[in-house]
Number of protein chains: 2
Amino acid sequence: MNTLAEENYLKAIFKLSGKQKASVSTNAIAVELETKASSVTDMIKKLTEKGFVNYQKYNGTSLTKKGHEIAVHIVRKHRLWEVFLVKKLNFQWDEVHDVAEQLEHIKSSKLVEHLDTFLGFPQYDPHGDPIPNKNGEFPKSFSAPLIDLTIGNKGKVVGVSQDNPSFLKYLDKLEIQLGSKIQVIEKVDFDQSIEVKINGKATHISSEVAKNILIKQ
Amino acid sequence: MNTLAEENYLKAIFKLSGKQKASVSTNAIAVELETKASSVTDMIKKLTEKGFVNYQKYNGTSLTKKGHEIAVHIVRKHRLWEVFLVKKLNFQWDEVHDVAEQLEHIKSSKLVEHLDTFLGFPQYDPHGDPIPNKNGEFPKSFSAPLIDLTIGNKGKVVGVSQDNPSFLKYLDKLEIQLGSKIQVIEKVDFDQSIEVKINGKATHISSEVAKNILIKQ
DNA sequence: TACTATTTTTAGACTTATCTAAATTTATTT
DNA sequence: AAATAAATTTAGATAAGTCTAAAAATAGTA
Ligand SMILES: [Mn+2]
Ligand SMILES: [Mn+2]
Ligand SMILES: [Mn+2]
Ligand SMILES: [Mn+2]
């Protein structure tokens, strides 16, 4: 069995390496996990021993097939628990992440599969993130950050690429939810901020926010 | 915040000290937690520092008010999760204990209270064990071990005082569930075993089993 | 290319929780 | 009461995971 620390490292490497499964720097992992680079080096050596990562001194780390499988499985659990908390226990979408960080480490395959069934095999979590199935396959989704939408075009909010509470609460304040219809009215060259209509109402949004809202046209 | 190990020690002391809140020996704790007496001594010192137990060298350990509160709170979580697993996720009663051992350490008071609400404030877990409410109060229950029932008397099964899978599976085989009606037909002096009628059907039960079935008349 | 800055690794230390073996205390027998 | 047995504590060691400080490697710049 893998320890909690090992699982968190694998998840961090998975998150940082993205779809292209790129190699990840020691520092990037340290920042992601709020730890020190020296601690990361130590742990990577252990994960290499276990066959979960490929590692060459001074040259970054990437997941092996085995490491990738573990990471995806933890992501699956994290997102299923988030769905449970919102849909069944009436949590708000900005309250679930930290609890899911704990629940994702519970070890029982029966629990995960029964939870999935109980929830009706959801494909997306409360932040619009795709939930891999039990074979580790993600639903295909075609979304783009709001910032990439051109003037005049419309889209539907299908996700967010951050789940920290202050960002999510701000979206609540702007009345932006999954499913909200957004049209880009104007783009300000100076600071990349944009003027949008949300469900008919005009609002001004910074580029930082627009980068983290995912749109489907 | 308390560590997982600390919580498990407090729970073990709570379990072993019973209603009278008796003092518990170092060895008893070691046996309960499948660890060594020397490890127990170390941890008890730490728990003493934290004000969770009263401890005098060579004289056993008992919970302080604070330690008692923490232990009861963990028991509450354990039993609520067991209810969730059986009632919502269709687990069998002999499959829930080990998963609940993990889930009981999840830290989020909102989670516990919402779970309690979601389950409809259950008073007993799938093994008939009482669930303390959020103030740590247990529902009053008047049950006695089946072995104490005298010949001719009837009762209803309201609980079991063990939750290891092999015992529970054996009860399933005997068709003994919570709610089953049991009447004592005969008591065998030689080995304390008993002849009973369960929902009308005659069966022979060892004293070891009869000790662990809780009856309400 | 040589100097400097940044990144990464190593060395050594610390904490938590555990263990074995030995010492000490308490309990039980003769 | 003395001897023996059992329970408990202490001493010292180990593994996991982390840290700081220093060394080594790589990248960036003059
Ligand atoms: Mn999350
Ligand atoms: Mn999410
Ligand atoms: Mn249990
Ligand atoms: Mn139970």
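Numbers restart at 1 for each chain; the letters A, B, ... are given by sequence-line order, proteins then strands. Quick caveat: nothing in here was measured; it's all calculated off a predicted structure.
Rounding to the nearest 0.5 Å places CG of B:D129 at 8.0 Å from CG of B:L214.
With rounding to whole Å, A:N8 atom CG is found 15 Å from D:dA16 atom C1'. Going from atom CD of A:E34 over to atom P of D:dT18 covers 12 Å, rounded to whole Å. Atom OH of B:Y9 is separated from atom P of C:dT16 by 14 Å (rounded to the nearest Å). The separation between B:E49 atom CD and C:dT16 atom P is 11 Å, rounded to whole Å. In this structure, A:L33 atom CG and D:dA16 atom C1' are separated by 16 Å, rounded to whole Å. Note: CG (A:D42) to C1' (D:dT18) measures 8 Å, nearest angstrom. Here the C1' atom of nucleotide D:dA16 and the NZ atom of A:K36 are 19 Å apart, to the nearest Å.
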Seminar exercise, completed: With sugar-phosphate taken as primed atoms, P, OP1 and OP2 and all else as base, the protein-contact string of nucleotides 3-9 of chain C at under 4.0 Å (heavy atoms; B, S, -) is ----SBB
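Taking the salt bridge (charged side-chain N to carboxylate O under 4.0 Å, His left out) definition, one finds that B:E69 meets it with nothing, sequence neighbours left out.
The aromatic rings of B:W81 and A:F84 lie tilted to each other, with the angle between the two planes from 30° to 60°.
A close approach under 4.0 Å does occur between a side-chain nitrogen or oxygen of B:S39 and OP1 or OP2 of C:dC19.
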Problem set entry | Verdict with supporting geometry, A:N8 and A:H105, side-chain contact (heavy atoms from CB on, under 4.5 Å) | CA-CA 9 Å; A:N8 282 334; A:H105 300 289; 3.0 Å; yes
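Side-chain contact, A:Q92 with A:D94: no donor N or O sits under 3.5 Å from an acceptor N or O. Between the side chains of A:N54 and A:T64, not a single donor N or O lies within less than 3.5 Å of an accepting N or O.
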